[in-house]
Structures are given as C-alpha cells and as structure tokens.
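See structure below.
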Amino acid sequence: MKIATWNVNSLNVRLPHVLDWLATQAPDVLALQETKLTDDKFPVEALAAAGYRALFAGQKTYNGVALLTREAATDPLTDIPDLDDPDRRILIATVGGVRVVNLYVVNGQEVGSEKYAYKLEWLRAVTAHVARELEQHRDLVVVGDFNITPDDRDVHDPDAWRERILCSTPEREALGRLLALGLTDAFRLFEQAPASFSWWDYRQGAFRRNLGLRIDLVLPTTALGGRCTGCTVDTAPRRLERPSDHAPVVAEFDL
DNA sequence: ATGGTGGCGCGGCCA
C-alpha cells in the first residue's frame, strides 16, 4: 500500500501535475493540502477518469484538504471535538483498513504571534483526537503538511532558523507529543541523503540551491512502521513549470 | 534589509 502526501498550493493550478503524478506513481492514497477550492469546484470527474475517488473539505482561497483513493474511503471526519475551527485543515478516513489522518497544520507565521499560539493550541486538540482515533483503529497513519521541522537535519541552515517559525522548540515539542502517542517518522526509518527537504521557498532560487525544509511527514503507528518498506521525497514535480512549493512524500507499506 | 515569489482575486492577506 502506497500512501503519499502533497501540499499542492491550489489544486486548480496544480491539477495537471497531480494527474501526471498519479499516473506515474499510482499511489493507493494521496493526501492533498492547500487545495484552495470550495467543494462545489472540486475536480471530481477529472480524478475519477484517472481512477481515483475523492473526499474533500475545502474553502475559498485558503486551506482545504482532500484524500484521493483508488478504493472507497469510509467513515470520514472533518471536524474534531474541542476544535471549533472554520479552517478546512483536517480530513480523516479509513482506506483499506488503515485510518488515514490528513493534516494541514497551521503555519503560525511568527514565533510569539497570535497565529503561533493558535498553532500550538490546534496541535494540542489534534493530538488529543488522534489519541482517541488510536483507541478505535489499530493501523493508523498521520500525514500532511506539518509546518514543523522534526529536527535540525530537516533544515538547510539550522543556525539561521534557530527558534524561528517551523523550527522552534515548542513546535517540535508539540510534534513530539503527537509522536509519543506511538507514531514514528517513516522518513527516518530509512537511510536518507543529507539535506533532504520537502518544501522550498519560491523566492531567490531556493529550490535550485536546495535551501529547503522537511515539513511534510508520514507518521505511521510504530507497528505499521515495522511494515514500511520505504519513504522518499519525490522532487520531480518541484522541477516542473509552475510547481507547488512542496514536493510529494511517498511511503510504501507491506499491507 | 521587510524584500524576495506565488495564489487568490483585484487590495491585501497568507504562505
């Protein structure tokens, strides 16, 4: 079972890239973030023609998440207890016996800002909910754009980013509390090239210079992690014309 | 350095 996550930064703009990528990689599940589409505009037919069903929770201009699956997904959830959030950032569903939690974590803008406080509160509520999901589902994977670098290996210039947004200790501790529920970072189960990233700023040729961060993650339960046979960042779509600023991350499971 | 780029949508916000 191949599970992937990709922040597409507008599914309107990126649909051709997504369709090409689905045809090339043929994942069983592709979790999308930042679709920036209301549900009435979701490209259901184009994806169906490509062999994928879709669940989606969108809004205008900002945010928006989706799950593209070969087989039907069941028991979807877009709103969780203790989080009264108009932002469409969460989509949970069961696919092939695996509970898939797709997150577009709040960016937080700047350490110490209101948005930063909201990011930490949002992560607290999501972590509490994932704990509840784990009581119901043995096989679970949390995927998405976490807007957090797990550690300094995931930062092109750790000193320049020290305690800045996406890299601060409270953010990493919040991610640590999610992992402490019994999840593992699939990417780090395998030997990886140094300076492996999943996001590069559009500005100043950051991708060409590989000035990136690894903020897009696949976090299976430790048991499911034991059946993970590989996890890679596919930088190919980031090289295309008019790319997303994120690259897809793919994990394969022996399921 | 408060910019640099991109998306949305047409000014300013968000990333």
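- Remark: the separation of the P atoms in B:dC13 and B:dA1 is 24 Å, to the nearest Å.
- Here A:F207 lies out of heavy-atom contact (under 4.0 Å) with every strand.
- In this structure, of B:dG4, B:dG9, B:dG7, it is B:dG4 that holds the atom nearest to the side chain of A:Q204.
- Between A:D201 atom CG and B:dG3 atom C1' the separation is 11 Å, expressed in whole Å.
- B:dC14 atom P lies 19 Å from atom OH of A:Y116, rounded to whole Å.
- Between A:D154 and A:R172 there is no salt bridge, since no side-chain nitrogen of the basic residue lies less than 4.0 Å from a carboxylate oxygen of the acidic one.
- Neither OP1 nor OP2 of B:dA15 sits under 4.0 Å from any side-chain N or O of A:R203.
- Rounded to the nearest Å, the gap between the C1' atom of B:dG9 and that of B:dC14 is 13 Å.
- As rounded to the nearest Å, B:dT5 and B:dC10 have P atoms that lie 23 Å from one another.
- Between B:dG3 and B:dA15, the distance separating the two C1' atoms is 15 Å to the nearest Å.
- Relative ring orientation between A:H156 and A:W161 is described as perpendicular, the plane-to-plane angle rising above 60° on a 0-90° scale split at 30° and 60°.
- Checked for salt-bridge contact, A:D79 and A:R88 meet the test: a charged N lies under 4.0 Å from a carboxylate O.
- Not one side-chain nitrogen or oxygen of A:K36 sits closer than 4.0 Å to the OP1 or OP2 atom of B:dG6.
- Within the structure, every side-chain polar atom (N or O) of A:S10 is placed at least 4.0 Å from both OP1 and OP2 of B:dG6.
- In this structure, the side chain of A:R99 does not engage the main chain of A:H137 through any donor-acceptor pair within 3.5 Å.
- When the nearest nucleotides of DNA chain B are assigned to A:K115 and A:Y202 by heavy-atom distance, the more 5′-ward of the two goes with A:Y202.
- With B:dA15, B:dC8, B:dC13 as the candidates, the nucleotide lying closest to the side chain of A:Y104 is B:dA15.
- Between B:dT5 and A:R242, no contact under 4.0 Å exists linking OP1 or OP2 to a side-chain N or O.
- Between A:K41 atom NZ and B:dC8 atom C1' there is a gap of 12 Å when expressed in whole angstrom units.
- If you take atom C1' in B:dG6 and the same atom in B:dG11, they sit 16 Å apart, rounded to whole Å.
- With hydrogens and angles ignored, the 3.5 Å screen pairs no side-chain donor or acceptor of A:Q109 with any backbone N or O of A:Y116.
- Distance CH2 (A:W200) to P (B:dG6): 16 Å, rounded to an integer number of Å.
- The OH-C1' distance, from A:Y62 to B:dG6, rounds to 13 Å in whole Å.
- Straight-line distance from the CZ atom of A:R88 to the P atom of B:dC14: 18 Å, rounded to whole Å.
- Picking from B:dG4, B:dC14, B:dG9 the nucleotide with the shortest atom distance to the side chain of A:Q109 gives B:dC14.
- For the pair A:F146 CZ and B:dA15 P, the computed distance is 17 Å after rounding to whole Å.
- Between A:E135 and A:R132 no salt bridge is recorded (no basic side-chain N to carboxylate O distance below 4.0 Å).
- We find that CG of A:N12 is positioned 18 Å from P of B:dG6, with the value rounded to whole Å.
- Residue A:P243 is the one, among A:E34 and A:P243, whose nearest nucleotide of DNA chain B lies closer to the 5' end (criterion: closest heavy atom).
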